[in-house]
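Below you'll find the structure, written out as structure tokens, and then a few comments.
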Protein chains: 2
Amino acid sequence: MNTSDEIEISQSEWETMRVIWTLQKATSHQIIEILEEKLGWKASTTKTYLGRLVKKGALRTSKNGREFIYQPMIEEQVAMDNASKSLFVHLCQHKVGTTLANLIDQIELSKSDIQMLIGKLEEKAQTAPDKVSCNCLPEDCDMDCKMEDM
Amino acid sequence: MNTSDEIEISQSEWETMRVIWTLQKATSHQIIEILEEKLGWKASTTKTYLGRLVKKGALRTSKNGREFIYQPMIEEQVAMDNASKSLFVHLCQHKVGTTLANLIDQIELSKSDIQMLIGKLEEKAQTAPDKVSCNCLPEDCDMDCKMEDM
DNA sequence: TTTTTAAGTTTACAAATGTAGTCTATATTT
DNA sequence: AAATATAGACTACATTTGTAAACTTAAAAA
């Protein structure tokens with residue numbers, strides 16, 4: 001399903017990564033404790049995800065006495081960009097504008113984030129097309145699509 | 001994993017929904033043909049997804065002679081909003097601004113979408129906080145987090 | 001040194017997912 | 001009316017995912 005070299009991370013694995021990304025390095029003990037408190041996971045559950053993530057190459061460990069130190073092998077921002085990109089690729093192009101707008105309504109952004117985004121958008125406006133068309137059907141789809149609103 | 005009454009739609013099911021959302025109504029024949037062309041799916045594969053989507057309540061059918069007419073039971077924009085929302089909920093709050101910016105770099109937006117987004121952001125700026133903090137660890141996490149940059 | 005603890009490894013198992021072949025019943029064609 | 005095409009139902013099966021118990025081994029404590 002994934003032709004590139006990107007590492008696939010499931011939802012639960014993602015939650016595991018978040019704590020390590022945030023702490024930058026952590027022992028399983030810490031990670032287990034946090035995830036037990038945050039999500040109610042059993043220790044073995046977290047251990048499973050940790051093991052899977054190491055196997056996938058998303059984490060690496062270095063031994064330190066009895067414990068291992070877990071560290072991310074992939075950057076959080078890169079992973080976030082990939083995740084958001086690969087969601088939006090599957091959305092109707094024609095509707096991503098509205099989706100973004102609704103999303104912005106829902107999430108928290110700082111004043112400086114907002115300024116940055118406005119800047120980015122103003123720049124993008126220079127070269128933006130007047131309209132974006134739906135890409136939900138194959139390129140050469142000449143069937144009588146009922147796409148009145150496109 | 002999903003406590004609400006939202007219908008869970010997998011990646012492949014999503015691709016199936018896209019064509020029906022776009023056509024608004026379609027026979028399995030049309031859908032099969034489109035997905036074979038667009039994604040190389042075998043007829044039975046598409047039939048499986050169609051069946052699963054009907055069972056989940058994402059599609060409904062009405063018989064018309066030998067064929068069935070498939071129609072969406074959930075709105076595309078609503079589904080898109082849910083999908084984007086539930087992705088972003090799992091991202092580090094502290095980094096969503098940058099993620100959004102990178103996303104905007106990657107996708108296509110029309111001039112009017114961009115204007116709309118700028119408007120939305122300007123409005124949001126009024127009440128925006130100066131900074132948003134990371135929510136990757138539990139609320140009352142008093143461990144010695146190495147979160148220098150937050 | 002012996003015991004205990006705990007970190008990582010193995011095993012388990014159901015549900016979801018991707019993918020597709022086979023069967024059955026019925027609409028359509030001959 | 002008989003033959004045929006085909007739509008949807010049923011079956012299949014490997015992989016991934018969520019979830020967690022049991023086991024093993026080595027470090028730490030007694």
Side-chain angles (χ1 to χ4, degrees), chain A residues 1-3 6-20 23 25-71 83 86-87 90, chain B residues 1-3 6-20 23 25-71 83 86-87 90:
Chain A
M1 205 178 107
N2 178 18
T3 50
E6 265 169 47
I7 295 171
E8 297 270 359
I9 293 174
S10 75
Q11 277 312 291
S12 301
E13 287 167 354
W14 186 275
E15 288 297 339
T16 308
M17 290 301 293
R18 287 180 78 176
V19 355
I20 303 160
L23 299 178
K25 55 171 57 177
T27 63
S28 67
H29 181 75
Q30 289 177 287
I31 302 165
I32 285 170
E33 199 174 301
I34 289 176
L35 288 169
E36 184 180 357
E37 181 175 345
K38 188 178 175 196
L39 301 170
W41 291 357
K42 292 282 155 62
S44 8
T45 301
T46 299
K47 285 178 181 183
T48 299
Y49 297 143
L50 250 14
R52 288 179 186 169
L53 285 165
V54 170
K55 192 195 291 185
K56 292 186 180 189
L59 291 178
R60 71 192 169 84
T61 56
S62 43
K63 199 154 191 176
N64 173 261
R66 169 180 46 189
E67 295 188 314
F68 281 35
I69 309 287
Y70 289 84
Q71 283 173 90
S86 68
L87 170 66
H90 292 285
Chain B
M1 203 178 108
N2 177 19
T3 51
E6 265 168 47
I7 295 170
E8 297 271 359
I9 293 174
S10 76
Q11 278 311 292
S12 301
E13 287 166 355
W14 187 275
E15 287 297 339
T16 307
M17 289 300 293
R18 287 180 78 175
V19 355
I20 304 160
L23 298 178
K25 55 172 55 176
T27 63
S28 66
H29 180 76
Q30 290 177 286
I31 301 165
I32 285 170
E33 199 174 300
I34 289 176
L35 288 170
E36 185 179 357
E37 181 174 345
K38 188 178 175 196
L39 301 170
W41 291 357
K42 292 283 154 60
S44 11
T45 301
T46 299
K47 284 180 183 183
T48 299
Y49 297 143
L50 250 15
R52 287 180 186 170
L53 286 165
V54 170
K55 191 196 291 185
K56 293 188 179 187
L59 290 177
R60 72 191 168 85
T61 55
S62 44
K63 199 154 191 175
N64 174 262
R66 168 181 45 188
E67 294 189 317
F68 280 34
I69 308 290
Y70 288 84
Q71 284 174 90
S86 67
L87 170 65
H90 292 284

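Just so it is clear, the model here is predicted, and its values are computed rather than measured. In the text below, chain A, chain B and the rest are named by the order of the sequence lines, each starting its count at 1.
- Taking 4.0 angstrom as the limit, T45(A) places a side-chain polar atom (N or O) nearer than this to OP1 or OP2 of dA20(D).
- Side-chain atoms of S10(A) lie closest to dT17(D) of the nucleotides dA7(C), dT17(D), dG18(C).
- Side-chain proximity of Y70(B) to dA21(D), dT17(C), dG8(D): nearest is dG8(D).
- Computed from coordinates, the H29(A) NE2 to dA27(D) C1' distance equals 15 Å when rounded to whole Å.
- Put simply, CG on L53(A) is 14 Å from C1' on dG8(C), counting in whole angstrom units.
- A side-chain hydrogen bond (donor to acceptor under 3.5 Å, both in side chains) with E13(A) is found for one member of R18(A), K56(A), R52(A) and no other, namely K56(A).
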Checklist entry - Do Y70(A) and V54(A) pass the side chain to side chain contact (heavy atoms under 4.5 Å, CB included) test, and can you show the C-alpha distance, the side-chain angles, and the key distance before you say yes or no? => result CA-CA 9 Å; Y70(A) 289 84; V54(A) 170; 3.9 Å; yes
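- In terms of position along DNA chain D, the nucleotide closest to K56(A) lies nearer the 5' end than the nucleotide closest to the other residue of the pair N64(A) and K56(A).
- What separates CG of L50(A) from P of dT10(C) is a distance of 15 Å, to the nearest Å.
- When each of G51(A) and E67(B) is assigned the nucleotide of DNA chain C bearing its nearest heavy atom, the one mapping closer to the 5' terminus is G51(A).
- Side chain of R66(A), nearest nucleotide from dG8(C), dA28(D), dG18(C): dA28(D).
- Here the nucleotide nearest the side chain of K47(A), chosen from dT19(C), dG8(D), dA7(C), is dA7(C).
- Residue S44(B) places its side chain closer to dG21(C) than to any other of dT19(C), dG21(C), dA7(C).
- T61(A) has no side-chain polar atom (N or O) that falls below the 4.0 Å cut-off from OP1 or OP2 of dG8(C).
- Distance from the side chain of Y49(B) is smallest for dT19(C) among the nucleotides dA7(C), dA7(D), dT19(C).
- Of all nucleotides listed (dA7(C), dG18(C), dG18(D)), dG18(D) comes nearest to the side chain of R52(A).
- Between L50(B) and T61(B) the shortest side-chain heavy-atom distance does not fall below 4.5 Å.
- Residue E13(A) contributes atom CD, which lies 6 Å from atom P of dT17(D) at whole-angstrom precision.
- Judged purely by atom type and a 3.5 angstrom limit, Q30(B) uses its side chain to pair as donor or acceptor with the backbone of T27(B).
- Here dA7(D) presents its P atom at 11 Å from CD1 of I31(B), a figure rounded to the nearest Å.
- Taking atom CD1 of residue I32(B) and atom C1' of nucleotide dA20(C), one finds them 12 Å apart after rounding to whole Å.
- Counted within 6.0 Å of NE2 on H29(B), heavy atoms from surrounding residues, nucleotides or ligands total 12 or fewer; the atom is thus considered open.
- The interatomic distance linking H90(B) (NE2) with dG18(D) (C1') rounds to 14 Å, in whole Å.
- As rounded to whole Å, 10 Å separates atom P of dG18(C) from atom CD of E15(B).
- Along DNA chain D, the nucleotide closest to G40(A) and the one closest to K63(A) are compared, and the more 5′ of them pairs with G40(A).
- Checking dG18(C), dA20(D), dA20(C) against every side-chain atom of T48(A), the shortest atom distance belongs to dA20(D).
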